[in-house]
Amino acid sequence: MQRVTLKDKTFVPYITSDKILASVKVMAQKINADLTDDMPLFLVVLNGSFMFAADLLKEVTIPCEICFIKLASYHGTSSTGTVTEMIGLTDEIKGRTVVVVEDIVDTGITLEKLVTLLTKKEVKQIKVASFLLKPDAYTKTLKIDYVGMEIPNDFVVGYGLDYDGLGRNMKDIFVLDKNVDSK
Ligand code: XMP
Ligand code: MG
């Protein structure tokens with residue numbers, strides 16, 4: 001695997017596609033065992049999760065439904081600061097088991113906001129499946145039920161994750177090369 005340059009930054013190989021897929025498969029098997037009779041609704045958080053969701057759901061063999069959402073953040077005029085809105089949720093989710101599918105959980109702020117929005121909709125239970133987790137950056141107490149891999153607090157790209165819009169299509173994950181001066 002070669003290093004890659006995206007705009008002003010250089011990234012070095014970090015997690016190979018083979019390792020990614022092996023870990024995704026293990027996660028799917030756990031979900032299959034845990035939620036066999038729940039008819040879960042997988043809520044895929046775009047954009048970053050598209051590749052992980054596709055691989056995961058090919059290995060999920062229990063009856064389920066899949067829906068794609070986007071989170072839009074805007075700064076409200078109130079003192080509460082950033083407000084997050086969920087776009088694209090068309091399915092009725094009251095009383096359902098919802099599995100949030102995330103590419104990465106960093107501080108957990110995004111996830112917490114989403115879970116708050118879902119809780120208001122009176123779901124039966126919320127499970128969270130994130131391919132990556134940065135435990136050193138995570139500031140929340142909410143349990144991440146399914147984690148593919150834990151990584152240090154470094155910036156990664158590929159497998160759906162982007163740097164300024166680029167790199168999402170790479171099948172392996174790359175990490176920012178700290179030895180190269182970055183602006
Ligand atoms: P929080 O801090 O809210 O962040 O958990 C979650 C969102 O931040 C983005 N993010 C990253 N994107 N490489 C990326 O390409 C990273 O290392 C990274 N860390 C956080 C991502 O959009 C995620 O949903
Ligand atoms: Mg994301």
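Atoms within a ligand are numbered from 1 in the order they appear, just like the ligands themselves.
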Apply side chain to side chain contact (heavy atoms under 4.5 Å, CB included) to Ile66 and Val44, showing your working. CA-CA 7 Å; Ile66 305 164; Val44 179; 4.0 Å; yes
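- Listed by number with element, the atoms of ligand 1 under 4.0 Å from a non-hydrogen atom of Thr107 are 1 (P), 2 (O), 3 (O), 5 (O).
- Distances shorter than 4.0 angstrom do not occur between any heavy atom of Val45 and any atom of ligand 1.
- In summary, the atoms of ligand 1 found under 4.0 Å from a heavy atom of Ile109, numbered by their order in the structure, are 3 (O), 5 (O).
- Considering backbone and side-chain N/O atoms, Phe155 never comes within less than 3.5 Å of an N/O atom of ligand 1.
- At a 4.0 Å cut-off, at least one heavy atom of Lys134 sits close enough to ligand 1 to count as contact.
- Checked against a 3.5 angstrom limit, the closest N/O atoms of Tyr163 and ligand 1 fall outside it.
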Can I get a per-line list of side-chain donor-acceptor pairs under 3.5 Å for residues 32-42, giving both atom names and the distance, sequence neighbours left out?
unit_1, atom_1, unit_2, atom_2, d
Asn32, OD1, Thr61, N, 3.0
Asn32, ND2, Ala28, O, 3.2
Asn32, ND2, Glu59, O, 3.1
Asn32, ND2, Thr61, OG1, 3.3
Asp34, OD2, Tyr146, OH, 2.6
Thr36, OG1, Asn32, O, 2.7
Thr36, OG1, Ala33, O, 3.2
Asp38, OD2, Thr97, OG1, 3.4
Asp38, OD2, Gln125, NE2, 3.2

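- Judged purely by distance below 3.5 Å, without hydrogens or angles, the side chains of Tyr159 and Asp103 never pair a donor atom with an acceptor atom.
- Near Asp154, with a cut-off below 4.0 Å to any heavy atom, the atoms of ligand 1 are 17 (O).
- Near Thr110, the atoms of ligand 1 lying under 4.0 angstrom from a non-hydrogen atom of the residue are 1 (P), 3 (O), 4 (O), 6 (C).
- In the candidate list Gly48, Ser49, Gly108, Gly108 is nearest to atom 5 (O) of ligand 1, counting heavy atoms.
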Applying side chain to side chain contact (heavy atoms under 4.5 Å, CB included), run through Leu89 and Leu117 and close with a yes or a no. CA-CA 11 Å; Leu89 184 67; Leu117 290 170; over 6 Å; no
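- Among residues two or more places apart in sequence or in another chain, the side-chain hydrogen bond (donor to acceptor under 3.5 Å, both in side chains) test is passed with Lys140 by Glu112.
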Begin from the C-alpha positions of Asp154 and Lys178 and carry the test salt bridge (Lys or Arg N to Asp or Glu O under 4.0 Å) through to its verdict. CA-CA 9 Å; Asp154 296 321; Lys178 289 176 189 159; 2.8 Å; yes
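- Judged by distance alone, the side chain of Ser49 and the main-chain N or O of Val101 form a donor-acceptor pair under 3.5 Å.
- Of all the atoms in ligand 1, the ones that sit under 4.0 Å from a non-hydrogen atom of Asp103 are 24 (O).
- If you number the atoms of ligand 1 from 1 as listed, the ones under 4.0 Å from a heavy atom of Asp162 come out as 14 (C), 15 (O).
- Contact analysis leaves Leu111 out of contact with ligand 1, as no non-hydrogen atom separation drops below 4.0 angstrom.
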Derivation and outcome, side chain to side chain contact (heavy atoms under 4.5 Å, CB included), residues Asp164 and Leu6: CA-CA 9 Å; Asp164 211 3; Leu6 303 172; over 6 Å; no
